[in-house]
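First the structure, in the form of structure tokens, and then the observations on it.
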Amino acid sequence: MASILSRGEKVCKILVPVAPDRFAVQPQSAADGDGTVPVIFSGGREPFLEEIRLDNYRGRIGQLHTQVDWGWGSVSDAMRRAVSHYQESGATDPAFVVTQVGDEPFDKTEVRSLLQNTASLGIFWLFVGFGRGKLAFYKNLNASASATFTNVAFYDASKNPGSVPGERFYTGLVDAFARWMRS
């Protein structure tokens with residue numbers, strides 16, 4: 001788990017300064033314009049949001065990790081929290097929501113509904129799978145001919161995300177969003 005938490009800190013570090021170049025969009029779309037990345041933690045209780053900044057990211061993910069009641073969290077609750085934050089912020093630029101998943105959601109119908117309903121809001125969801133859990137739901141969201149999710153992708157970070165070379169890991173995180181932005 002330590003390597004996953006370390007990767008989380010690296011993701012915050014990388015997305016803030018690099019995102020504008022990678023996505024070819026204005027800085028505020030990558031980090032709220034002030035170098036801030038909102039991070040939502042979800043576990044057995046209601047999801048909570050914390051802001052990670054360039055001046056506080058070191059060790060912050062690990063610190064916040066201890067406040068999460070780990071267990072079966074509701075993916076749809078965390079997604080609704082992300083949508084609420086986006087709408088309350090008044091942002092007009094697209095949102096890039098990276099969701100770390102380790103197993104199938106128990107609320108699949110709600111997740112599908114949220115994906116469908118947020119497509120027109122300008123929210124792109126990237127589900128990043130890791131660990132040994134079942135991830136077929138996320139992998140197959142766009143596998144059928146009838147799939148209508150234009151605002152979602154899945155990236156398999158492997159059973160051991162710490163073993164994925166940094167360049168490949170970060171490219172996997174941003175490529176689908178970049179393609180979506182261009183479409």
Side-chain angles (χ1 to χ4, degrees), residues 1-12 15 37-52 61-62 64-89 91 94-164 169-170 172-180:
M1 187 58 87
S3 66
I4 293 170
L5 294 176
S6 173
R7 275 292 161 101
E9 289 178 18
K10 289 178 186 175
V11 168
C12 289
L15 287 180
V37 175
V39 178
I40 296 170
F41 289 84
S42 178
R45 295 187 299 243
E46 186 171 328
F48 67 93
L49 183 139
E50 289 288 327
E51 294 187 338
I52 308 296
I61 298 293
L64 292 167
H65 179 265
T66 64
Q67 298 175 28
V68 177
D69 179 25
W70 294 103
W72 284 98
S74 169
V75 174
S76 61
D77 283 349
M79 290 174 70
R80 276 192 284 282
R81 182 67 181 98
V83 171
S84 292
H85 175 73
Y86 178 69
Q87 290 176 320
E88 290 166 7
S89 76
F96 179 36
V97 181
V98 179
T99 306
Q100 184 175 311
V101 294
D103 212 337
E104 301 273 316
F106 66 83
D107 50 354
K108 293 176 185 175
T109 301
E110 290 179 72
V111 170
R112 282 188 192 100
S113 177
L114 281 161
L115 291 172
Q116 188 72 42
N117 293 332
T118 58
S120 64
L121 296 178
I123 299 177
F124 183 83
W125 304 91
L126 175 66
F127 293 100
V128 179
F130 69 96
R132 302 184 191 291
K134 296 177 183 173
L135 300 170
F137 171 79
Y138 299 107
K139 290 178 182 178
N140 295 319
L141 280 168
N142 285 322
S144 74
S146 63
T148 56
F149 305 117
T150 59
N151 61 325
V152 65
F154 175 79
Y155 174 67
D156 189 348
S158 86
K159 289 181 172 59
N160 181 7
S163 68
V164 179
F169 182 80
Y170 300 117
L173 289 179
V174 299
D175 275 357
F177 180 66
R179 282 191 304 276
W180 178 74

Among all residues two or more places apart in sequence or in another chain, which pass the ring pair (Phe, Tyr, Trp, His ring centres under 6.0 Å) test with Tyr86? none
Taking the six-membered ring for Trp, are Phe177 and Phe96 parallel (under 30°), tilted (30 to 60°) or perpendicular (over 60°)? parallel
Does the side-chain contact (heavy atoms from CB on, under 4.5 Å) test come out yes or no for Phe137 and Val111, once each step is laid out? CA-CA 10 Å; Phe137 171 79; Val111 170; 3.8 Å; yes
Rounded to the nearest 0.5 Å, the CZ atom of Phe169 sits from the OG atom of Ser163 at a distance of 10.5 Å
Assess whether atom NZ of Lys108 is packed by more than 12 heavy atoms of other residues, nucleotides or ligands within 6.0 Å. yes
Closest approach of Asp107 to Asp77 (non-hydrogen atoms, all atoms of both residues): OD2-N, 4.4 Å
Identify the heavy atoms of Ala136 and Glu104 that sit nearest to each other, and give their distance. N-OE2, 2.6 Å
Search all heavy atoms of Gly172 against all heavy atoms of Leu126 and return the closest pair with its distance. O-CD2, 4.2 Å
How would you list, by chain and number, every residue that makes a side-chain contact (heavy atoms from CB on, under 4.5 Å) with Asp156, sequence neighbours excluded? Lys139, Phe154
Quick one: does Phe127's side chain get under 4.5 Å of Leu141's, heavy atoms only? yes
Between Pro105 and Val75, which heavy-atom pair has the shortest distance, and what is it? CB-CG2, 3.8 Å
Hey, could you give me the CZ/CG distance between Arg112 and Asn117, rounded to the nearest 0.5 Å? 13.5 Å
Atom CD1 in Ile123, atom CD in Gln87: separation rounded to 0.5 Å? 6.5 Å
A side-chain contact here means heavy atoms from C-beta on lying under 4.5 Å apart; do Glu110 and Met79 qualify? no
Quick one: closest heavy-atom pair of Leu115 and Trp125, and the distance? CD2-CD1, 3.3 Å
Rounded distance [0.5 Å steps], CD in Glu88 versus CZ in Arg81: 6.5 Å
Verify, without hydrogens or angle tests, whether Ser113 (side chain) and Thr109 (backbone) share a donor-acceptor contact under 3.5 angstrom. no
Minimum heavy-atom distance between Gln100 and Phe130, given as atom pair plus value: CG-CE2, 3.0 Å
